[in-house]
Amino acid sequence: MILYHGTNTDIDVIDISLGHRYKDFGRGFYLTPSRDTAIRMARKKANLFGGEAYLIEYKFDDEGVAQSNLQLKVFPQKATPEWFLFIESNRDWNHDQPVHNYDIVIGPIADDGVALQITNYRGGYISVVQAANLLQDKYFDQQYCFGSQLSLTYLHKLSAIAL
C-alpha cells in the first residue's frame with residue numbers, strides 16, 4: 001500500500017519525538033493514502049512554517065504488519081463515539097502522558113468541525129453520541145499514525161517531490 005506524507009522539508013530519517021503530542025491520535029508520524037490530502041498538508045505546513053512543500057511517498061508493508069505483533073487500532077471510516085472520545089483524549093492538554101500504547105492507529109482525519117464539537121462536548125452542551133452524529137455528514141480522509149520505532153520499520157520511503 002502507498003501512503004503519503006505532506007510536509008515542509010524532505011525527511012531522511014523519521015523521528016517520532018519531533019511530532020506534536022496533542023494530535024488526533026497522539027504523538028507519531030502521520031501519513032494518508034490520499035495524495036491530494038498530503039499535498040494540501042504540505043502546502044499548508046510550508047505556508048505556516050516556511051520551507052518548501054514536499055510530498056513524500058512511502059510503501060507501507062501492511063501485509064507484514066498483519067503478520068506482526070504490533071498493537072493496532074483501526075477505526076471505521078466515519079465518525080463514531082469511540083473515535084471522537086479517542087481524539088478528545090489525545091487532544092486534551094491535561095494529559096501529561098500518552099493516552100494509548102498502540103503502534104499504529106488508523107482512522108478518519110479530524111478537522112475544525114471536530115474541534116468545535118470537542119469544545120461543545122467538554123462544555124456539557126452535547127453528548128458524545130450527539131457529537132459523533134453531528135459529524136456524520138462530513139467526509140473524512142483517512143490517516144495512519146505510526147507511534148513506535150518498530151512500526152516505522154514497515155515504512156519504506158519511495159520518493160520525495162518538491163511541489
Side-chain angles (χ1 to χ4, degrees), residues 1-46 48-49 51-112 114-115 118 121-122 128 132 135 140-161:
M1 164 184 268
I2 302 298
L3 296 175
Y4 302 94
H5 181 77
T7 189
N8 62 336
T9 185
D10 189 5
I11 298 172
D12 289 321
V13 177
I14 300 168
D15 184 351
I16 293 173
S17 70
L18 297 177
H20 298 286
R21 181 185 310 186
Y22 301 105
K23 294 189 73 155
D24 293 351
F25 299 153
R27 180 172 285 158
F29 187 67
Y30 285 77
L31 299 104
T32 178
S34 169
R35 188 175 196 277
D36 291 340
T37 296
I39 290 171
R40 238 183 358 266
M41 292 303 297
R43 289 184 173 143
K44 179 180 178 181
K45 207 162 186 185
L48 287 172
F49 304 111
E52 190 170 355
Y54 276 89
L55 175 68
I56 306 176
E57 184 180 50
Y58 291 88
K59 170 84 170 103
F60 172 44
D61 182 8
D62 51 333
E63 292 177 13
V65 166
Q67 304 297 320
S68 75
N69 291 326
L70 289 179
Q71 298 296 310
L72 302 177
K73 178 63 181 170
V74 180
F75 289 100
Q77 293 186 356
K78 62 179 184 171
T80 65
E82 180 189 17
W83 168 83
F84 178 82
L85 287 174
F86 193 80
I87 289 174
E88 188 272 335
S89 293
N90 281 297
R91 289 187 177 191
D92 188 346
W93 288 72
N94 294 317
H95 289 127
D96 291 335
Q97 301 297 319
V99 298
H100 68 83
N101 63 350
Y102 296 111
D103 295 294
I104 300 174
V105 180
I106 303 167
I109 298 172
D111 69 358
D112 293 339
V114 173
I118 287 173
Y121 170 72
R122 288 179 179 166
V128 66
L135 296 167
F140 294 105
D141 288 335
Q142 296 298 293
Q143 62 186 339
Y144 288 61
C145 175
F146 290 75
S148 70
Q149 284 303 123
L150 182 58
S151 70
L152 295 176
T153 64
Y154 293 88
L155 280 179
H156 307 285
K157 184 177 177 180
L158 299 176
S159 67
I161 302 164

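Heavy-atom basis, side chains included; hydrogens, waters and symmetry copies ignored. Along the sequence shown, residues carry numbers from 1.
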#### Entry: Pairs meeting criterion side-chain hydrogen bond (donor to acceptor under 3.5 Å, both in side chains) with involvement of residues 8-19, two or more places apart
D10-K157, D15-S17
#### Entry: Nearest-0.5 Å distance that lies between atom CZ in F29 and atom CD1 in I104
12.5 Å
### Task
Apply side-chain hydrogen bond (donor to acceptor under 3.5 Å, both in side chains) to R122 and list each qualifying residue two or more places apart in sequence or on a separate chain.
E88
### Message
Please list all pairs meeting salt bridge (Lys or Arg N to Asp or Glu O under 4.0 Å) that have one or both residues in residues 17-29, counting only residues at least two apart or in different chains.
### Response
D24-R91
## Note on the structure
Nearest heavy-atom approach of G26 to C145 is O-SG, 4.1 Å
### Query
Would you call L155 and L31 a side-chain contact if the rule is heavy atoms closer than 4.5 Å?
yes
### Residue pair A53 / A46: nearest heavy atoms and the distance that separates them
N-CB, 3.7 Å
### Close aromatic pair by centroid cut-off 6.0 Å: F146 and F60
yes
#### Entry: Between Y58 and H5, ring centroids under 6.0 Å
no
Side chains of residues 70-78: which donor-acceptor pairs under 3.5 Å do they make with residues two or more places apart or in other chains?
unit_1	atom_1	unit_2	atom_2	d
K73	NZ	E82	OE2	2.7

### Query
Can you find a heavy atom in the side chain of F86 that is under 4.5 Å from one in the side chain of H100?
yes
### Message
Between T32 (side chain only) and Q142 (backbone N and O only), is there a donor and an acceptor less than 3.5 Å apart?
### Response
yes
### Message
Could you go through V114 and W83, starting from their C-alpha distance and side-chain angles, then the distance that decides it, and tell me whether this counts as side-chain contact (heavy atoms from CB on, under 4.5 Å)?
### Response
CA-CA 11 Å; V114 173; W83 168 83; 3.7 Å; yes
### S151 side, atom OG; D103 side, atom CG - distance, nearest 0.5 Å
5.5 Å
### Query
Quick one: CG on N90 to CD1 on I118, what's the gap to the nearest 0.5 Å?
9.5 Å
### Summary
Between the CD1 atom in I106 and the CZ atom in F25, the distance rounded to the nearest 0.5 Å is 9.0 Å
### Message
Could you walk me through whether L158 and I2 satisfy the side-chain contact (heavy atoms from CB on, under 4.5 Å) test, starting with their C-alpha distance in whole Å, then the side-chain angles of each, then the deciding distance to 0.1 Å, before giving a yes or no?
### Response
CA-CA 9 Å; L158 299 176; I2 302 298; 3.5 Å; yes
### Message
List the residues meeting ring pair (Phe, Tyr, Trp, His ring centres under 6.0 Å) with Y54, not counting sequence neighbours, and say none if there are none.
### Response
none
### Summary
Heavy-atom nearest pair, S68 first then V65, reads OG-O, 2.7 Å
### Query
Any side-chain heavy-atom pair from Y144 and D62 closer than 4.5 angstrom?
no
#### Entry: is_close_aromatic(F84, Y121), centroid dist under 6.0 Å
yes
### Task
Tell me, please, which residues at least two apart from H156 pass ring pair (Phe, Tyr, Trp, His ring centres under 6.0 Å).
none
### Query
Does the side-chain contact (heavy atoms from CB on, under 4.5 Å) test come out yes or no for R40 and D141, once each step is laid out?
CA-CA 12 Å; R40 238 183 358 266; D141 288 335; 3.4 Å; yes
#### Entry: Within 6.0 Å of NZ in K59, more than 12 heavy atoms from elsewhere
yes
### Query
Looking at side-chain heavy atoms only, is the closest gap between P108 and Q143 below 4.5 Å?
no
### Message
Measuring from atom CG of L55 to atom OG of S159, what distance do you get when rounded to the nearest 0.5 angstrom?
### Response
6.5 Å
### Query
Going from CD1 on I11 to CD1 on I56, what distance comes out if it is rounded to the nearest 0.5 angstrom?
4.0 Å
### Query
What closest approach, in Å, do I87 and A110 show between heavy atoms, and which atom pair accounts for it?
CD1-CB, 3.7 Å
